[in-house]
Amino acid sequence: MSAPPPILEMRSITKEFPGVKALSDVSLTVMPAEIHAICGENGAGKSTLMKVLSGVYPHGTYTGEIFFRGEEVQFRDIRQSEHAGIAIIHQELALIPELSITENIFLGNEIARGGRIDWPAAKRKALDLLARVGLSEDPDTQIKHLGVGKQQLVEIAKALAKDVKLLILDEPTAALNEDDSQHLLDLILGLKGRGIASIMISHKLNEIEQIADAITIIRDGHAIETLDVHGGDVDEDRIIRGMVGRSLESRYPDRTPHIGEVFFEVRDWTIQHPQVPERLVAKGSNLEVRRGEIVGLAGLMGAGRTELAMSIFGRSYGTYLAGTIVKDGKEIVLKDVESAIDHGLAYVSEDRKVLGLNLLDTIKRSIVSAKLRKISRLDVVDEFKESQVAESYRKQLRIKSPSVDMGVAKLSGGNQQKVVLAKWMFTDPDLLILDEPTRGIDVGAKYEIYTIIQQLAAQGKGVILISSELPELLGIADRIYTVFEGRITDNLPVSEATPEALMRSMTSAKKKANA
Amino acid sequence: MTTPTGATPTGATTTGATPEKRGGLADLRKMFGNGQSTLRQFGILGSLVVIIGLFQLLTWLIKGTGLTLSSTNLINVVNQYSYILILAIGMVMVIIMGHIDLSVGSVAAFTGIIVAKAMSEWNLPWPLAIVLGLLVGAAVGAWQGFWVAYVGVPAFIVTLAGMLIFRGGNQWIGQSTTTPVPVEFTYIGAGYLPDVAGSAFNYATMALGVLGAAWIVFTELRLRSVQKKMGSPQAPLWVSIVKIVLLAGVILWAAWLFATGRPGTSFPISGIILVLLVILYSFITRSTVFGRHIYAVGGNRLAATLSGVKDRRVDFFVMMNMSVLASLAGMIFVARSTASGPQDGNGWELDAIAAVFIGGAAVSGGIGTVIGSIVGGLVMAFLNNGLQLLGVGADWVQIIKGMVLLLAVGVDVWSKSQGRPSILGLWTRRRRARLEEQGPTEPPAVVPSSGTNESSEPRDVARL
Ligand SMILES: Nc1ncnc2c1ncn2[C@@H]1O[C@H](COP(=O)(O)OP(=O)(O)OP(=O)(O)O)[C@@H](O)[C@H]1O
Ligand SMILES: [Mg+2]
């Protein structure tokens with residue numbers, strides 16, 4: 001069988017940033033109608049490679065050649081690559097919340113006749129596209145009323161509207177729940193059936209194993225190898241071995257928990273939705289955390305876990321209606337974030353770019369930003385101490401950057417997450433609330449983050465871990481609460497928890513927690 | 001306690017430390033603090049030097065003698081622009097917060113008339129009048145800050161209203177006529193450092209210059225010692241020396257020019273007030289908790305509040321501070337023109353805002369520095385001044401100033417959208433690339449983490 005010519009060939013791509021060689025001599029070949037996965041640790045250069053391909057980094061700012069459908073291409077911006085049939089879907093969705101689905105789909109690509117937009121035609125076409133991506137929504141719906149999963153589908157519909165030949169998805173499922181992820185994967189497979197090739201970046205290796213035809217592994221800016229999935233013998237362990245250069249015995253570090261007294265309790269916590277007063281996002285929730293304990297919060301997207309956590313953390317979400325917090329036997333009132341921090345709480349938010357970091361800032365300033373007074377005297381920041389502190393966290397957490405003076409915007413996603421973690425470790429909390437701390441994080445870094453969580457627990461701190469990945473919760477939590485529609489529905493020691501049992505409590509309120 | 005073991009599946013710490021490539025430029029740039037706008041501000045400093053040099057040359061060619069850098073002219077520039085630069089200090093903080101203040105000119109005029117009336121009609125002694133003026137500024141600022149921070153009206157609207165309200169206030173109190181101020185008061189706007197009896201050379205000015213130069217030497221030495229203590233990358237010695245010689249040289253030379261001006265003139269008092277404010281506010285914005293909060297809120301308000309920053313309080317004080325500085329600027333202006341009038345401060349907000357943006361601040365907030373804005377303000381000042389020296393009419397001065405503002409910010413936006421740094425940045429990068437080619441090539445190294453003693457390589461530049 002003679003192989004058809006590849007749809008895409010990137011040859012010897014080298015891309016440098018000031019002080020950082022993000023890609024060196026990377027080549028990538030994608031065949032027609034192939035799903036090509038790219039794997040690698042955080043900061044390996046995956047996103048950079050895709051930005052080179054899609055013209056985000058214009059021709060001339062990198063070296064190497066790109067051949068698309070047999071011709072050499074030199075994109076100067078995204079429009080040109082889109083025009084050629086390459087669509088990139090970034091992890092940060094680029095839709096406009098205030099506009100409708102139709103308007104978003106045809107933004108910059110309007111169906112117009114004589115300068116006037118032909119709305120009926122646009123809407124018809126939008127309906128057709130929505131059917132193709134399997135989204136049954138009114139095309140007039142505003143984007144802001146859609147969940148992330150559906151927004152992701154609209155993005156793809158938008159790409160299809162432009163007659164895409166090669167679809168690039170940068171961590172498309174990172175923020176999706178299992179159902180939405182599965183739907184998306186099926187859709188990508190469906191597109192493949194129609195001859196559309198995809199490049200997919202993901203840290204969820206099981207998904208890659210499930211749908212990829214070929215896997216290219218990038219490590220430290222070098223393309224290490226390309227695995228042919230159909231050749232057999234490619235499993236998650238094999239991919240990990242390629243990514244980190246050696247095999248990984250276990251996904252979760254070993255630990256013997258030393259669990260002490262209950263030191264943190266939330267009682268009858270009731271919170272109102274900030275905009276819709278009749279909606280309660282927490283309904284008389286009870287929660288307790290012991291010293292040295294890692295407590296998991298399981299639940300589906302929208303169950304109210306983040307809302308619960310944020311409302312505890314200085315009432316930073318919703319309107320407080322009722323409930324008390326008891327810490328070390330004393331009732332405390334956390335009216336704002338500052339008092340929450342002063343009482344030893346820390347909340348690592350799920351969305352690091354929107355809620356966790358000031359992307360204009362440097363690493364070192366970010367790390368100290370939640371407790372500046374710790375390195376200040378008379379409100380004057382000691383910049384010498386600041387650098388020292390930042391440097392020590394950079395080493396401890398292995399934040400990949402040439403120096404702590406680098407802007408956090410230039411870090412890869414995983415390393416940004418480590419900076420956020422460092423920022424909250426620096427506040428020296430007694431109770432650390434982690435909201436999806438391993439989202440978008442590579443397997444290796446996940447292991448490191450688990451290790452850090454366990455170290456914090458070993459120091460007698462309490463940890464609340466919110467995660468949408470059940471294996472993760474089962475892997476490192478000591479006890480798991482399930483949340484369903486703002487209610488805590490179950491409270492299981494990890495020894496009794498099974499995915500099935502958790503799933504049951506996550507989807508129905510039949511059992512009341514007895515915390 | 002679990003510690004990372006050999007099984008820790010990371011290996012990303014690469015050894016091969018790249019050769020130190022922080023050259024003098026990078027180091028000089030650091031004078032503007034660390035941040036994304038640094039390069040841009042460094043570029044604007046270059047433009048300032050070019051503009052001054054250009055007008056010196058042009059006046060020399062056309063008028064036969066270089067006028068820009070003459071003592072008289074420099075003194076003039078300081079006298080004429082110190083109050084705009086004072087406004088720029090407050091304005092950059094407002095703009096970092098993502099706000100804007102259109103009311104500064106009116107607030108300045110409002111304070112000016114109250115202070116003038118207080119002295120001429122109620123015979124308030126001038127030091128008390130100054131205190132009164134600052135209190136008026138604080139009250140006005142609290143008013144505007146309240147609306148911005150606690151009611152949530154956009155600063156653009158609040159200060160647009162303020163622009164009308166306080167302009168009207170000025171004209172109502174002053175009955176749209178000018179009110180003179182006593183001679184002693186004019187010292188803050190038109191006064192100079194005193195001469196030693198019988199000497200044409202102003203020793204006080206020169207002494208200040210020497211002090212400034214000594215301070216440059218001191219900070220550079222301190223920086224080096226801190227860097228050494230931390231084991232962080234240190235620029236080569238020659239860079240420090242060049243830096244000291246350059247900066248101290250400029251300061252001493254300027255001091256000498258100011259000291260040798262027409263007898264009776266020297267460094268203006270308003271200039272001294274400005275310098276003190278620049279030092280104070282650079283310090284506040286860079287090194288205090290409050291200053292950090294300004295950048296934090298301006299950069300990402302949500303993240304800042306989730307880090308315990310009380311964003312509204314920061315909004316309030318930044319707006320209030322702006323009005324206090326506007327009052328000060330208004331008083332200096334009144335002192336300089338020896339009277340308060342109904343048109344005082346017209347259009348100042350635009351000059352101050354232009355200075356801040358030329359100085360590298362971002363419209364979307366989060367970026368900007370006091371020093372940068374001062375340099376931006378000086379660019380406008382010398383441009384204005386140089387064109388006037390050449391006899392260019394006010395019409396063309398405005399057109400040219402407008403073009404310069406557009407160009408300065410346009411080049412910035414353009415270079416960002418191209419994903420490249422400015423022209424200067426391109427140059428430094430090319431130089432770096434050359435150095436890299438000469439450096440050792442680094443093989444991809446994956447080192448088991450347990451085997452890496454990171455502390456042994458403090459300069460370790462992780463290759464990513
Ligand atoms: N604008 C930039 N300036 C400097 N360095 C950058 C810039 N953008 C990316 N880098 C660096 O290039 C390297 C590759 O980054 P990239 O975002 O491609 O990683 P990634 O493989 O996508 O990682 P992740 O899985 O965490 O998203 C990182 O070390 C990052 O710090
Ligand atoms: Mg990435």
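The sequence lines fix the lettering, A, B, ..., with proteins before strands; numbering per chain opens at 1.
- In this structure, A:Asp336 contributes its side chain and B:Gly308 its backbone to no donor-acceptor pair below 3.5 Å.
- Going from atom CG of B:Leu302 over to atom CG of A:Leu357 covers 12.5 Å, rounded to the nearest 0.5 Å.
- By number of non-hydrogen pairs under 4.5 angstrom with chain A, the leading residue of B:Ile284, B:Leu306, B:Val309 is B:Leu306.
- For the pair B:Arg286 and A:Arg365, the tightest heavy-atom approach, listed with the atom from each and the gap, is O-NH2, 3.7 Å.
- A:Ser369 has its side chain out of reach of B:Arg292: every pair of non-hydrogen atoms, C-beta onward, lies at least 4.5 Å apart.
- Atom CZ in A:Phe384 sits 8.5 Å away from atom OG in B:Ser225 (nearest 0.5 Å).
- Remark: side-chain polar atoms of B:Asn300 are paired, donor with acceptor, to backbone N or O of A:Val354 under 3.5 angstrom.
- Comparing A:Arg373, A:Gln388, A:Glu386 by heavy-atom pairs within less than 4.5 Å of chain B, the highest count is held by A:Glu386.
- For the residue pair A:Gly356 and B:Ala303, the shortest heavy atom distance occurs at C-CB, 4.0 Å.
- Counting non-hydrogen atoms of neighbouring residues, nucleotides and ligands closer than 6.0 angstrom, the CZ atom of A:Arg315 exceeds 12 such neighbours.
- The greatest number of non-hydrogen atom pairs below 4.5 Å with chain B, out of A:Ser387, A:Ser349, A:Ser316, is found for A:Ser387.
- Atom CZ of A:Arg79 sits in a sparse spot, with 12 or fewer heavy atoms from other residues, nucleotides or ligands closer than 6.0 Å.
- Atoms CD1 and OG, from A:Ile341 and B:Ser307 in turn, are 6.5 Å apart once rounded to the nearest 0.5 Å.
- For a residue to count as touching a neighbouring chain, one of its non-hydrogen atoms must lie under 4.5 Å from one of that chain's; by this rule A:Lys371 does not touch chain B.
- Between A:Leu360 atom CG and B:Ser364 atom OG the span is 7.0 Å, to the nearest 0.5 Å.
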